[in-house]
Structure formats: structure tokens, C-alpha cells
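These notes are about the structure you will find just below.
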Amino acid sequence: MLRTHTCGELRAEQVGQSVTLCGWVDTYRDHGGGLFVDLRDRYGLTQVVFNPPDSSAEVIEASKSLRSEYVLAVEGNVAERPTGMANPKLATGAIEVRVTRFRLLNKSLTPPISPSSLELPGEDLRLKYRYLDLRRREMQQTLMLRDRLIKQMRDYFAEHDFLDVETPVLGRSTPEGARDYLVPSRVHPGSFYALPQSPQLYKQILMIAGYDRYVQVARCFRDEDLRADRQPEFTQLDLEMSFVDADDIMNLLDGLVVRLAKQERDIDLSVPLPRMTYAEAMDRFGHDAPDLRFGLELVDCTDLAAEAEFRVFSSVANSGGKVRCINAKNGTKHYSRRGIDALTKFVGDYGAKGLAWFRVEEDGKLNSTIAKNFTAELLAKFAQRMEAEPGDLLLFVADRWEVTCKALHALRTKMGREMKLYDPQSMHFSWVTEFPMFEYDDEAERWTAMHHPFTAPLEEDLPLLDQQPGKCRAQAYDLVINGSEAGGGTIRIHDAGTQQKVFGLLGIDEQTARSQFGFLLEALQYGAPPHGGIALGIDRLVMLFGQLENIRDAIAFPKTQRAADLMTEAPGEVDLQQLRELGLRIRLDD
RNA sequence: GGCGCCGUAGCUCAAUUGGUUAGAGUACUGGACUGUCGAUCCAGUGGUUGCGGGUUCGAGUCCCGUCGGCGUCGCCA
């Protein structure tokens with residue numbers, strides 16, 4: 001070993017010991033007669049001192065050439081710092097190492113971004129020089145948080161008899177869902193593997209195989225556009241269980257969440273975690289993953305709007321649309337006329353054609369540029385419905401139900417943050433259940449699976465499969481943290497008949513079903529147990545527990561918005577010989 | 001694919017309605033300094049203002065295009 005201790009380890013108890021530390025020069029302070037270095041490794045910082053009398057003149061002279069990020073092994077004596085010289089900011093601040101000898105293990109070029117700098121470098125540079133960025137304390141802490149979360153999960157599920165089984169990365173492309181990443185086959189020219197969007201089918205097969213509790217930390221791939229919380233490759237804690245219902249899965253996960261919240265945030269959660277149906281979530285919040293840390297709930301005013309002379313309201317209300325409202329308590333203080341204009345522009349991004357607003361005056365009356373289009377009686381009804389009080393700001397969106405959901409949810413989220421209606425450090429955990437089985441795709445003019453095609457309907461809704469698929473609810477559950485979908489799962493279909501019926505509804509004809517999922521349909525006929533599972537987005541959990549603004553900060557080597565790795569410059573071109581072996585030719589036209 | 005923000009010294013940023021030789025902090029180089037911890041003090045080096053075109057007497061600033069980073073809509077079972 002080149003070292004006896006780490007740079008985060010030494011305390012007053014070690015005073016008098018002779019030690020050797022290895023690390024990087026975080027900062028150095030040259031005083032002419034002597035020199036101080038804060039030596040860094042992933043465990044912390046220790047001040048090492050090149051001063052007489054411990055350091056000889058030769059050692060001090062040699063120390064003058066040290067620069068940022070040089071790699072050292074220093075040998076010296078642990079000493080209590082002189083009176084008044086302790087540094088309370090450092091865990092090792094009571095002591096220092098007085099260097100008797102040191103070895104320069106490696107030099108460094110002047111780093112383009114400095115790990116010790118207080119200024120955050122541009123993100124492109126951080127990604128290009130990721131090895132320097134990862135030396136920063138914040139990144140170290142994030143990766144350690146990530147490690148703790150994953151270790152806790154593995155421990156928890158191991159305690160519950162789960163078996164970690166690996167599943168293939170090279171699989172086959174399936175028609176539903178996100179765009180696949182494809183890998184050409186050399187052995188089968190013209191054929192392609194697909195990288196898994198999730199290990200979904202394999203874990204169901206494992207249940208049929210009798211491995212009744214499966215867990216895996218699985219890498220998943222989806223070739224879709226990136227977002228602040230979305231990467232093309234991401235990591236899931238994936239699990240599946242046999243002989244369980246939705247409550248069993250949620251109860252099991254409750255236990256995990258309690259443990260993680262306690263360990264990482266010292267939050268004492270009571271179980272079961274709150275549960276809300278999809279229908280209620282959409283009614284009250286317009287979203288299937290509502291942030292329950294604050295109110296600003298949506299209120300339906302369609303019936304009142306239908307009576308209004310205001311055409312925007314009445315025409316929407318009388319043609320099947322919805323008029324829904326948020327009451328921003330004391331909102332007039334936060335949003336001036338110009339502020340409201342900005343909110344109007346904001347909801348436009350979500351398809352809302354406008355934002356109708358009323359201020360609640362001191363006398364309790366609603367006032368607005370559009371007030372003249374309403375009778376006093378009707379305004380009073382709105383005020384009563386919205387429990388309006390002086391200073392409140394009422395904001396209405398009148399549109400198709402879907403648009404009112406999207407626009408008002410986005411508005412609610414934005415205003416909750418801007419009006420500081422909750423402590424951004426706080427965390428709230430809940431479940432949303434009973435999702436619809438199907439969504440209607442207007443473009444494709446057919447039903448699509450809301451979760452995936454293997455999701456089991458609620459038993460009581462089974463008859464709806466034939467008559468009203470849109471009303472059929474699924475045995476599905478999403479774990480929601482702070483308005484973010486942290487995970488989701490379902491109970492699966494375990495009989496081939498129901499599975500074929502669902503495929504039929506989704507427009508997956510028998511031949512397609514057989515060619516794409518034939519192995520599953522076949523397997524379901526060999527004693528498939530009832531089963532279900534869930535997957536947690538580990539990157540998002542790291543974001544949430546670490547209060548990170550974007551998913552890249554939760555991942556050691558993330559990709560940019562254009563799905564590139566700035567360090568390795570992936571993706572890259574390949575030479576013609578490789579293409580030839582794969583039977584591929586590049587077309588650069590169109 | 002659409003919309004928006006950003007790109008100036010190695011790094012983080014500034015530069016008035018379009019107006020002289022594009023500045024500051026930091027880093028770097030040299031010097032001073034025996035207790036600093038964002039050390040301090042003195043001096044110095046460092047610029048194709050992402051790239052290409054246009055408007056103008058004059059462009060870091062305005063316009064068009066393009067490249068890159070970020071956010072967002074669509075997309076993401």
C-alpha cells in the first residue's frame with residue numbers, strides 16, 4: 001500500500017503518529033518559507049504542511065513546484081494544529097500532517113476546470129472533462145448517495161428472499177412502446193437485436209419458471225428525445241413477484257421507502273403510504289403524478305361556465321369541454337398584470353388558448369377585464385365555488401379535458417414553486433393506482449396500452465374489456481415522489497386467453513402476437529402463476545434524494561441532449577469493413 | 001421536427017442607443033513573504049467575441065444560416 005490513511009480519516013487521536021497519505025493537490029498556499037497543501041481524495045481533505053523544522057530545506061524547495069491536481073504520496077507526522085489555527089470547515093481540521101518526505105506520483109496539466117473551484121464550470125466542459133468534474137465534492141457525494149441507495153435496495157430485497165437474476169441486453173425488438181436501440185447481427189445479416197426498454201418479458205418468464213421473487217439493477221434503453229429527467233440509457237431497480245396482488249407489491253415497497261427516507265433524510269414515514277386513484281389525481285391535480293406537498297387544487301366549474309355570457313366559457317362548456325380553475329391564495333400579491341400575462345403565455349405551451357383570471361377585491365367581488373361578460377350573481381357563484389377571499393387570484397382554463405389537465409397541472413407546478421408553497425427540501429411519497437388500461441391514440445385511431453400490453457385489468461372491470469375498453473382500469477400503481485414518477489408497476493396477465501384479448505384490442509393481430517411474443521403466450525400455457533412487479537427509476541431517486549436539478553448530475557457518465565458522450569465522442573463513425581461484415585450500407589441522401 | 005435561452009481570455013463573467021486600443025476576478029508565468037486555509041502583495045503573459053455570410057462609415061452588440069450546450073412542446077407502452 002502506498003498509503004496508511006485516507007485524506008478524510010485523521011483526527012486528534014492520531015496526533016504523534018507517522019502516516020503516509022496519497023491524494024491530489026486541491027489547493028496550495030505558498031508562504032515562501034513554507035507551503036501548505038490541501039490534499040484531496042474521495043474521503044476528504046487533509047492539510048499537509050511543508051514547513052521547518054519537520055520538512056528539510058530540500059523538501060520545501062521541492063514542494064515549490066507543486067501545482068493543482070498533482071498526485072502526491074506524503075509521509076509525515078500527524079500534529080495538532082497551533083492554537084487558533086484549527087479549521088472548523090474541515091473534518092480533519094484539528095490536525096495537519098507535517099511532511100518529512102514526499103513523492104510526486106504524477107503531474108497534471110493545468111486543469112481546464114478546477115475541482116476545487118467554487119464556480120460551476122459550463123456543462124459542456126464538465127462532460128468533456130468528466131474525470132475532473134467527478135473529482136468535485138458534489139459529484140463525489142452524489143455518487144456515494146447513489147451507491148447507498150442501491151446497496152439499501154439490494155439488502156432490503158435480499159432480506160425478503162429475492163433472487164438477483166441477470167437478463168440479456170441483446171434481445172428482440174417489440175412493436176409497442178418507445179423507439180428501440182438496434183444492434184445489427186453479424187451472424188444474421190439484415191437482422192437486429194434491440195436493447196431492452198426494460199427486462200419486462202424476461203422477468204415474467206422467470207415467474208413462470210418458478211423464481212417467485214426476482215430483482216435486478218437493470219440498465220434500460222429508449223431511443224427517445226432527452227429531458228432534464230430523461231436519459232437514453234437509465235437504470236431501474238426491477239423486480240417481480242409471484243402469488244401477490246397490487247397491495248402486496250405496494251406494501252413491500254412501502255417498507256423500502258421508509259428505510260430510504262430514514263437513512264438519507266431522517267424522515268419518519270408512516271405506512272401505508274397515501275394512495276390515490278388515477279381518477280382522483282386527474283380530478284384534483286390534472287396529473288397522474290401530483291406533487292402533494294402543496295394545494296392549489298383544480299376545481300371544475302364547467303356547470304357554472306355553461307351559464308356565462310362569456311362565449312369562451314359557455315361554448316367550451318356546452319360542447320363537451322371543461323372549464324377548470326385554480327385559486328391561488330393571496331395570488332394577487334405574487335402576480336401583477338404582467339405576471340399574469342406571463343402565465344397566459346406559459347399555459348399556451350400546453351395547448352391552452354388562454355387564461356381567464358379574476359382578482360378577488362377587498363369586498364369579495366371578482367374583478368377582471370372580462371368581468372363585464374358575467375352577471376354579478378354568476379360571479380358570486382364562482383367565488384363561492386372557489387372559496388374566494390380578498391387577495392386571491394382565480395385562474396381558469398377552458399378547453400378539452402386533456403388540455404385543462406396539462407395546462408393547469410403545469411401552471412400549478414410553476415406557481416407552487418414560485419409562490420414558495422412548500423419547502424423544496426421536503427419529500428412526499430405516495431401511490432397512484434387504478435390507471436386506465438388503454439388510451440386512445442387519435443392519430444393511429446386505435447387503443448394503446450397505457451402501461452404495457454401485459455397489464456392485468458381490475459377483476460371487476462373485466463367485463464368492460466369488450467364493451468368499453470376506455471373505462472377499463474388496470475391493476476397498476478405508480479410510486480410518486482414530489483410530483484415525479486419514481487417508479488411504476490402492474491399485476492400481469494397470467495392466462496393466455498386474456499392476454500390474447502388485450503393484444504386484439506391493441507390491434508396486435510394474432511400473427512404479430514405470435515411472432516413478437518409467441519414465447520410468452522406459449523409460456524403462459526405452462527402453469528404461469530399470478531404475478532406482478534414494479535420498476536423504480538434509480539437515476540430519478542438519486543435526483544430526488546440528492547435534490548438535483550437534472551438527471552445528468554445523478555449519472556457518472558451521462559449523455560447530452562443530443563444523446564452524445566462529450567468525453568468519448570460517442571456515437572462515432574465506424575469503418576467500412578465493420579459495416580460490410582454486418583451487411584450494412586450507409587445512405588446519406590434524405 | 002417546433003419554440004425559447006446561451007456561446008467573449010484556460011475558467012467564471014462584464015462591455016451604455018451599434019462607436020476609440022474588448023475589461024474584471026481567477027488560473028497561469030516570474031518575484032516577495034515562517035501559519036495559511038478562497039493566503040496576501042508586486043509584475044507579466046493570455047482574445048479569429050463558436051463558425052459562415054449579410055446590413056452599416058463602423059458589429060461582441062442588428063439580420064440570416066450553421067455548429068454546440070441547456071430548457072421545453074411533440075415524443076417517452
Side-chain angles (χ1 to χ4, degrees), chain A residues 26-39 45-53 55 57 60 64 67-69 79 81-90 92-93 96 98 109-129 132 174-180 197-198 200-201 220-232 234 345-352 406-407 410 414 435-439 441 443 447-455 474 476 485 488 490 502 506 508 535 537 549-550 552 559-562 564 566 569:
Chain A
D26 194 62
T27 54
Y28 62 96
R29 298 172 285 281
D30 188 349
H31 280 255
L35 184 139
F36 300 84
V37 166
D38 287 338
L39 201 64
L45 291 175
T46 299
Q47 174 166 280
V48 299
V49 185
F50 302 79
N51 261 356
S55 310
I60 292 172
K64 299 290 182 189
R67 292 294 179 271
S68 292
E69 302 309 309
R81 294 201 188 182
T83 315
M85 296 296 161
N87 185 349
K89 291 186 208 161
L90 287 184
T92 60
E96 63 193 16
R98 297 186 178 157
L109 297 175
T110 300
I113 61 175
S114 168
S116 60
S117 171
L118 301 176
E119 291 166 332
L120 191 66
E123 187 148 14
D124 44 351
L125 279 169
R126 292 178 55 205
L127 293 174
K128 179 170 181 185
Y129 299 98
L132 298 179
T174 52
E176 295 278 310
R179 192 178 293 113
D180 284 319
Q197 297 180 26
S198 80
Q200 183 60 38
L201 294 171
C220 306
F221 306 85
R222 294 177 192 177
D223 187 6
E224 297 291 348
D225 286 349
L226 288 78
R227 285 289 184 283
D229 62 353
R230 253 163 45 191
Q231 281 273 304
F234 57 100
K345 188 166 181 292
F346 175 75
V347 294
D349 293 342
Y350 300 88
K406 280 185 182 172
K414 178 186 173 73
F435 282 73
M437 281 286 287
F438 309 102
E439 287 173 304
D441 183 336
E443 264 181 52
W447 295 100
T448 58
M450 188 149 187
H451 196 80
H452 58 55
F454 319 107
T455 300
E485 179 195 335
T490 63
V502 169
L506 295 173
I508 302 173
E549 293 291 315
N550 72 67
R552 294 179 300 282
K559 297 194 169 39
T560 66
Q561 195 171 62
R562 295 185 65 251
L566 296 184
E569 296 186 312

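So you know, we letter chains A, B, ... as the sequences are listed, proteins then strands, and number each from 1. Predicted model only: the values in this text are computed from it and were never measured.
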Exercise. For A:Arg562, report the nucleic acid contact type (base, sugar-phosphate, nothing); a contact means any heavy atom under 4.0 Å.
Key: sugar-phosphate

Quiz item: Quick one: salt bridge (Lys or Arg N to Asp or Glu O under 4.0 Å) pairs with a partner in residues 110-128 of chain A, sequence neighbours left out?
Solution: A:Glu123-A:Arg552, A:Arg126-A:Asp133, A:Arg126-A:Asp553

Quiz item: Distance between the C1' atoms of B:A22 and B:U36, in whole angstroms?
Solution: 36 Å

Practice problem: Could you pull out the closest heavy-atom pair between A:Met450 and A:Pro436, with the gap in Å? | Solution: CB-O, 3.4 Å

Self-check item: Rounded interatomic separation in angstrom, taking CG from A:Asn51 and P from B:C37
Solution: 14 Å

Quiz item: OP1 or OP2 of B:U36 sitting under 4.0 Å from any side-chain N/O of A:Gln47?
Solution: no

Quiz item: Is a donor on one side and an acceptor on the other found under 3.5 Å between the side chain of A:Gln197 and the backbone of A:Ala178?
Solution: yes

Practice problem: May I ask you to verify if any side-chain N or O of A:Arg230 is less than 4.0 angstrom from the OP1 or OP2 atom of B:C75? | Solution: no

Practice problem: Mind checking A:Arg552 for me? I need base, sugar-phosphate or nothing, with any heavy atom below 4.0 Å counting as a touch. | Solution: sugar-phosphate

Practice problem: Using salt bridge (charged side-chain N to carboxylate O under 4.0 Å, His left out) as the criterion, list what pairs up with A:Glu224, not counting sequence neighbours. | Solution: A:Arg179

Quiz prompt | Base paired to B:G52 (Watson-Crick or G-U; both N/O distances under 3.5 angstrom) | solution = B:C64

Quiz prompt | Options B:C37, B:G35, B:C76, nucleotide nearest the side-chain atoms of A:Arg81 | solution = B:C37

Practice problem: List for me each residue that meets side chain to side chain donor-acceptor pair (under 3.5 Å) alongside A:Lys406, sequence neighbours excluded, and say none if there are none. | Solution: none

Quiz prompt | Whole-angstrom distance between B:G2 and B:G47, as gauged at atom P | solution = 38 Å

Quiz item: Can you check whether A:Lys89 has a side-chain N or O nearer than 4.0 Å to OP1 or OP2 of B:G38?
Solution: yes

Exercise. Determine whether any donor atom in the side chain of A:Asn87 lies under 3.5 Å from an acceptor atom in the base of B:C37, or the reverse, and answer yes or no.
Key: yes

Quiz item: Where is the tightest heavy-atom contact between A:Val49 and A:Ser55, given as atom of each residue plus distance?
Solution: O-OG, 3.6 Å

Practice problem: Name the nucleic acid region contacted by A:Tyr350, choosing base, sugar-phosphate or nothing; use a 4.0 angstrom heavy-atom cut-off, strictly under. | Solution: sugar-phosphate

Practice problem: Starting at atom CZ of A:Phe50, determine the distance to atom C1' of B:C37, rounded to an integer number of angstrom. | Solution: 15 Å

Quiz item: Given A:Phe435 and A:Thr490, is the side chain to side chain contact (heavy atoms under 4.5 Å, CB included) satisfied, shown in steps?
Solution: CA-CA 10 Å; A:Phe435 282 73; A:Thr490 63; over 6 Å; no

Self-check item: B:U49 and B:C62, which share atom name P, separated by this distance in whole Å
Solution: 16 Å

Self-check item: Nearest-Å distance for atom pair NZ/P, residues A:Lys406 and B:C73
Solution: 9 Å

Quiz item: Whole Å only: how far is the CG atom of A:Asp180 from the P atom of B:C75?
Solution: 18 Å

Quiz item: What about A:Arg227: does its side chain form a donor-acceptor pair under 3.5 Å with the base of B:G74?
Solution: yes

Quiz prompt | Inter-nucleotide P distance (B:G65, B:C5), Å rounded | solution = 14 Å

Practice problem: Return the 5'-most residue of the pair A:Phe454, A:Gln561 with respect to RNA chain B, ranking by each residue's nearest nucleotide. | Solution: A:Gln561

Quiz prompt | Non-neighbouring partners of A:Arg29 that pass salt bridge (charged side-chain N to carboxylate O under 4.0 Å, His left out), sequence neighbours left out | solution = A:Asp38

Self-check item: Nearest-angstrom distance from the residue atom CG of A:Leu90 to P of B:C37
Solution: 12 Å

Quiz item: Distance between the P atoms of B:G19 and B:G4, in whole angstroms?
Solution: 26 Å

Quiz item: Base, sugar-phosphate, or nothing: which does A:Tyr28 touch, judged by heavy atoms less than 4.0 Å apart?
Solution: sugar-phosphate

Quiz item: Given the P atoms of B:C70 and B:U55, what is the spacing between them in whole Å?
Solution: 35 Å

Self-check item: Pairing residues for A:Asp26 by the salt bridge (charged side-chain N to carboxylate O under 4.0 Å, His left out) criterion, not counting sequence neighbours
Solution: A:Arg40

Quiz item: Is a donor-acceptor pair below 3.5 Å formed from side chain A:Asp225 to base B:G74, judging by atom type as modelled?
Solution: yes

Practice problem: Examine distances only and state if a side-chain atom of A:Arg81 and a backbone atom of A:Gly93 form a donor-acceptor pair shorter than 3.5 Å. | Solution: yes

Exercise. Determine the contact category for A:Lys345: base if any of its heavy atoms lies under 4.0 Å from a base atom, sugar-phosphate if only primed atoms, P, OP1 or OP2 are that close, otherwise nothing.
Key: nothing

Quiz prompt | Sugar-phosphate only, base, or nothing, as touched by A:Glu439 at under 4.0 Å among non-hydrogen atoms | solution = nothing

Quiz item: Is the aromatic ring centre of A:His31 closer than 5.5 Å to the centre of the six-membered base ring of B:G35, with the two planes inclined by less than 30°?
Solution: no

Quiz item: So which nucleotide does B:U29 pair with, by the Watson-Crick or G-U wobble rule with both distances under 3.5 Å?
Solution: B:A43

Quiz item: What nucleic acid atoms does A:Thr560 come within less than 4.0 Å of, heavy atoms only: base, sugar-phosphate, or nothing?
Solution: sugar-phosphate

Self-check item: Pair assignment for B:G38, Watson-Crick or G-U wobble, requiring both distances under 3.5 Å
Solution: none

Quiz item: How many Å lie between CG on A:Leu35 and C1' on B:U40, as a whole number?
Solution: 14 Å

Quiz item: Which part of the nucleic acid, if any, lies within reach of A:Asp223 when heavy atoms closer than 4.0 Å are counted: base, sugar-phosphate only, or nothing?
Solution: nothing

Quiz item: When the distance from CG of A:Asp229 to C1' of B:U72 is rounded to whole Å, what number comes out?
Solution: 12 Å

Exercise. For A:Met85, report the nucleic acid contact type (base, sugar-phosphate, nothing); a contact means any heavy atom under 4.0 Å.
Key: base

Quiz item: Rounded to the Å, how far apart are A:Asp349 CG and B:C75 P?
Solution: 15 Å

Short heteroatom pairs, N/O only, protein and nucleotides 6-13 of chain B, under 3.5 Å:
| residue | atom | partner | partner atom | Å |
| --- | --- | --- | --- | --- |
| B:C11 | O4' | A:Pro112 | O | 3.4 |
| B:U12 | OP1 | A:Gly122 | N | 2.5 |
| B:U12 | O4' | A:Glu119 | OE1 | 3.4 |

Exercise. Using atom types as modelled and distance alone, determine if a side-chain donor or acceptor of A:Thr92 lies under 3.5 Å from a backbone N or O of A:Leu45.
Key: yes

Quiz item: A:Ala228 has a side chain; which of B:G69, B:U34, B:U72 sits nearest to it?
Solution: B:U72

Quiz item: Does a nitrogen or oxygen in the side chain of A:Arg29 sit under 4.0 Å from OP1 or OP2 of B:U36?
Solution: no

Quiz item: Which is true for A:Leu45 with a 4.0 Å heavy-atom rule: it touches a base, it touches only sugar-phosphate, or it touches nothing?
Solution: nothing

Quiz item: So which nucleotide does B:U8 pair with, by the Watson-Crick or G-U wobble rule with both distances under 3.5 Å?
Solution: none

Practice problem: Tell me the partner of B:C3, counting only Watson-Crick (N1-N3 plus N6-O4 or O6-N4) or G-U wobble (N1-O2 and O6-N3) with both under 3.5 Å; none if nothing fits. | Solution: B:G71

Quiz item: If you take atom types as modelled and just measure distance, does the side chain of A:Arg222 reach the base of B:C76 with a donor-acceptor pair under 3.5 Å?
Solution: no

Quiz prompt | Atom C1', compared across B:G52 and B:C67: separation rounded to whole Å | solution = 10 Å

Practice problem: Measure from the side chain of A:Asn550, starting at C-beta and using heavy atoms only, and say which of B:C28, B:G71, B:C76 lies closest. | Solution: B:G71

Quiz prompt | Spatial distance of atom CD (A:Glu69) from atom OG1 (A:Thr110) [nearest 0.5 Å] | solution = 10.5 Å

Quiz prompt | Nearest-Å distance once atom P is located in both B:C63 and B:C3 | solution = 15 Å

Practice problem: Nearest-nucleotide wise, let me know which of A:Ala86 and A:Pro453 is further upstream toward the 5' end of RNA chain B. | Solution: A:Ala86

